[in-house]
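For reference, the structure is listed below as structure tokens.
Proteins get letters first, then strands, A, B, ... in listed order; numbering begins at 1 in each. Computed from a predicted model, the values in this text were never measured in an experiment.
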Amino acid sequence: MTKKHHVHLSDLHFPIKVICLSAALILSVVVFTESAPVDGGRLARVEGKDASAFMKITEAQGETIYMSILSSRKHRLGALDNPTVGLFISTDGGATWHHRGWTGYIRTFYTEAGMDGTIWSACGNGVLRSTNKGSSWRITTGWEITEVLKVKVDPTQPAIVFGATAYGIVRSTDKGKTWQVKNNGLGSPFTSDVLIDAAQSARVFAATEEGIYVSTNRGDQWRLAGLKGRGIRVLAQDRLNPKLLYAGTEEDGVVISVDGGGRWKSSVSGLHHKTVYAIVPDPTDSRTIYIGTHGGGVYKSIDGGTTWHQSSKGLTNLDVHSLGVLPSNPSIVFAGTLNGGLFRSTDGGSTWQFNSQEEAQVWGISIR
Amino acid sequence: MKSVKRVTVFLILLASTTAAQSDRATYLKEFRQRVEHIKHVYDTSQASGFYQAAVRYALRKNVRQADSMFVEALRVPRGDMFWMFPVIGTYLNGREVMSAETKAVVRNAWKTYAPYRGDTENHWAMYYASLFLAAEQWPNLPGSEWYNGKSSDENREEAKEYLFDWARITTTIGQGEFDSPDYFAEYAISTILLAQYAQDPQVRQLGKMLTEYIFADFAVEHLDGQYLGGFSRIYQPAVYKPLLSTASAFAWLYFGTGEPTSSGWIVLPALSGYELPEIIYTIAIDRSKPYVHKERKRVRNVIRYGKEKNPPVYKYTYVTKNYGLGSLHGGILQPIQQHTWGVRYTYGRPYTAIFGLHPYWSGMELGMFFPEEVKTLIADVVASKGTYNNPDKWTSASPFERTFQHKNTLIVLYDIAPGTTAEHINGFFPRNLQERIVDESGWIVCKAGDTYVGWYPLQEYEWKEEFENPANRLNDVGRPVLEREKETGNWRLRSHKLQNGYVVEVRSKDEIGSFERFRAELKKRIPKSTLAPGHVAVEYTTLGGDNMQFRFPEDRKLNGVAVDLSRTKLFDGPYLQADVGSQRLTMTYRNKKRVLDFKTLTISE
């Protein structure tokens with residue numbers, strides 16, 4: 001039965017307007033739709049741009065892109081033809097996307113894979129885990145853990161997983177068999193992101209509503225590391241120089257630490273949009289960094305964050321919530337927007353083309 | 001002499017017992033007639049759906065047709081927890097007669113359709129009650145046979161844990177999504193299904209006790225099919241047409257009040273065989289004496305921008321046979337759909353309400369309760385709930401609004417920051433009032449049958465006649481389309497002053513006599529107010545002679561004595577008593593008493 005008029009977050013994607021994406025629509029071609037049962041009858045849908053237009057380089061490199069679709073403005077309450085949301089995977093640089101797992105709205109915020117291939121999804125329903133490339137899933141958390149915004153896997157010990165939730169930080173050390181709440185020392189439990197230090201994984205950073213917190217014992221105890229009282233949205237680490245850390249804030253632009261989180265310095269020169277939802281350093285060049293902002297689209301720095309330049313040409317939605325750079329070809333960059341779908345650049349962010357998921361909220365992108 | 005007394009006492013007791021039994025018998029007879037009405041409507045309905053199938057199963061009539069209906073309804077699952085309870089409810093009504101093929105389709109649905117668990121209390125109640133019952137129906141299955149990868153045992157235990165924890169917090173610090181006329185159904189269905197169908201005796205008992213708990217909570221604030229008082233959540237137009245709320249369908253079925261309905265929300269309860277204990281429906285319908293009832297609830301989970309996860313909510317309701325005046329203490333207690341105060345009365349269906357509010361919206365308010373990005377939350381909400389950022393909306397929480405109620409007198413104050421959305425307050429006056437007089441004293445004096453309402457605005461204001469939007473259609477910027485109807489429109493009082501407020505007096509003919517006398521008495525009582533930024537205060541002596549002093553936001557004095565809201569019990573009135581933290585509710589009606597003890601999971605009388 002359909003409950004008329006009742007508002008809950010699952011209703012939030014009722015359309016109010018149709019965003020004109022005619023140019024993008026011309027480019028966007030549904031390659032095919034497959035109704036093959038996957039994992040007990042779940043459907044897998046494959047869609048994307050003309051595959052021949054894309055390089056297969058990522059497939060050759062074994063790179064997989066995980067795109068988490070939170071919701072879509074095309075959704076109609078109770079409609080039979082609502083767009084599929086949740087996790088989409090591409091292994092060919094965004095040429096095609098394959099849906100994996102649950103097709104309905106369970107608030108899939110973010111997904112990433114561990115070094116052992118296990119896929120983890122941060123969802124409204126909890127932390128989901130798949131050990132067979134997304135064919136079947138298990139909710140690893142119980143009723144206590146809800147509204148999980150990020151899930152991060154220890155880069156060297158894949159059984160250790162952190163979840164950033166609206167109610168604080170949770171950790172599993174047994175690959176999701178059990179979870180523990182880890183809020184000791186946090187000023188505010190609401191945590192948007194967690195960053196596990198790639199150089200020493202016992203060090204973990206947390207993006208909270210009241211600043212950046214750090215733990216040196218895998219979350220057992222937290223202490224303030226910087227930006228006291230400021231809302232932090234996202235954390236990132238340079239792949240080549242792990243001492244280079246970045247944080248995106250609700251109101252204060254970007255802050256950068258060059259000493260592994262000891263001191264944080266504001267970096268806003270040229271940045272006209274100070275709400276930063278996404279940060280991704282070029283994995284091959286520490287001087288190049290992309291950020292996703294509210295209202296300003298993508299900004300890029302080519303001088304290690306000293307100055308920023310808006311780099312949003314072609315973006316028809318300027319609320320960028322997720323970013324990804326292909327390690328194998330860093331000129332290919334993905335930008336996930338809130339209600340505008342996924343965009344792709346093949347020239348390092350100079351220009352953008354619509355890629356997939358019209359009017360979708362692309363909440364998270366990760367690449368392994 | 002003694003023996004005569006004993007005989008007399010015995011005869012009185014016998015007579016009263018017999019009368020009570022007769023009343024109960026009459027109630028049950030009429031209740032069962034209402035149940036039969038519901039069954040008949042759905043049994044003869046040409047439509048196809050879960051409830052049509054459930055009724056046919058329950059009646060053991062046209063079972064094969066029911067099978068077809070059930071399978072068709074399951075063909076494309078959608079609706080998440082709103083799908084789960086009709087599916088398990090229909091299954092439980094038909095499991096003994098449905099075909100093996102239909103059973104297989106139902107089973108497969110629980111394997112392949114992955115419902116969203118939701119983000120609020122009613123979602124979780126429906127989700128876990130349904131999941132518990134489903135896990136009991138299909139025990140000993142591995143995780144691969146369930147949508148969430150968990151085994152039957154794991155699902156059953158998780159659901160049971162949640163349900164007991166929900167009961168614990170509700171009976172300790174109060175319900176979070178409390179007293180919602182539109183969400184009462186979601187709780188009632190969930191708990192009735194548990195009470196009637198759970199195999200686990202503990203969960204069955206918990207379901208029974210929770211059902212009584214939420215029905216008692218409703219009964220004590222019920223009048224003529226309407227929920228009274230302040231509400232955590234309500235929709236337009238039910239906020240001004242109270243009988244449209246789903247709670248009113250339950251009032252008709254279980255209290256015999258309001259208007260006959262064939263609402264789908266009461267089908268599964270009607271089929272379940274659940275019968276309400278006598279004490280609850282007598283509390284619901286006996287309005288022979290006016291009473292004050294106070295409650296303490298909790299704010300929905302605050303996830304940021306607040307120091308406390310579940311701050312307290314203080315409620316005050318005054319109930320008579322003609323009207324009920326009720327209020328929450330004010331502030332942001334629930335996002336989007338809060339109804340802070342209102343008077344509802346028995347005259348003039350369907351427009352039986354007068355109320356006021358500050359229409360407020362902000363990303364910060366939404367961010368307190370939803371984890372999505374604060375700067376885009378308004379757009380997300382408006383996409384589905386077009387009234388949220390509408391300055392004309394009729395439901396809203398506001399950080400700039402506070403109330404102070406004593407019996408049938410209410411003071412509401414506002415100290416609105418400049419630049420706030422919106423920079424005005426609204427009052428709702430229905431079209432069908434018999435009188436709506438603006439007296440030269442400043443009082444607005446209204447007559448609705450035997451109920452009189454006086455409203456003294458503290459600042460200048462304007463009237464706006466407006467027309468309903470019957471289809472709740474939205475325009476392309478997400479605002480309701482207002483359509484002119486043939487009838488006269490309702491009246492909106494709007495005041496643009498940021499430091500603002502009003503005094504509301506409600507009386508019935510029984511209490512004060514004629515309408516003219518009510519008006520004359522009000523004229524003698526002009527509130528004294530101070531209305532400056534940061535200093536909004538009023539002093540007023542009620543028609544009952546009590547002196548109320550109220551300074552925004554939380555300084556309340558009654559007859560010179562400070563009012564300490566923090567001492568408010570979970571339930572405090574002549575019919576219901578519960579202390580904070582007690583996990584124990586005592587219902588009292590005349591010489592009857594019924595105690596729900598959630599610590600021991602027992603009911604005693």
Which answer fits [X], side chain, backbone, both or neither, if we ask what part of it has an atom under 4.5 Å from a heavy atom of chain B?
X      : result
A/T141 : backbone
A/T146 : both
A/E250 : both
A/R129 : neither

(request) Please confirm whether the backbone N or O of B/P115 pairs with a side-chain atom of A/N125, one donor and one acceptor, at under 3.5 Å? (result) yes
Answer whether the closest heavy-atom distance between the side chains of [X] and [Y] falls below 4.5 Å.
X      : Y      : result
A/N339 : B/D380 : yes
A/H294 : B/T376 : yes
A/E209 : B/Y305 : yes
B/Y147 : A/W102 : yes

(request) Against chain A, label B/E373 side chain, backbone, both or neither, depending on which of its atoms sit under 4.5 Å from a heavy atom there. (result) both
(message) Using a 4.5 angstrom heavy-atom cutoff, name the option from B/E157, B/K309, B/R304 with the most pairs to chain A.
(response) B/R304
How long is the span from the [atom1] atom in [X] to the [atom2] atom in [Y], to the nearest 0.5 Å?
X      : Y      : atom1 : atom2 : result
B/E372 : A/R107 : CD    : CZ    : 4.0 Å
A/S188 : B/I303 : OG    : CD1   : 9.5 Å
B/L377 : A/L338 : CG    : CG    : 10.0 Å

Work out which heavy atom in [X] is nearest to a heavy atom in [Y]; give both atom names and the distance.
X      : Y      : answer
A/Y105 : B/D80  : O-OD1, 4.3 Å
B/Y128 : A/G142 : OH-C, 4.5 Å
A/L149 : B/P371 : CD2-CB, 3.8 Å
A/I139 : B/K150 : O-CE, 2.7 Å

(message) Quiz question: by atom type and distance under 3.5 Å, do the side chains of B/N301 and A/Y167 form a donor-acceptor pair?
(response) yes
(request) Would you indicate whether B/R107, at its atom CZ, is surrounded by more than 12 heavy atoms from other residues, nucleotides or ligands within a distance under 6.0 Å? (result) yes
(request) Report the residues that fulfil side-chain hydrogen bond (donor to acceptor under 3.5 Å, both in side chains) with A/W143, sequence neighbours left out, ordered by chain and then residue number. (result) B/E161
[X] with [Y]: basic N within carboxylate O range, under 4.0 Å:
X      : Y      : answer
B/K375 : A/E251 : yes
A/R138 : B/E154 : yes
A/E210 : B/K307 : yes

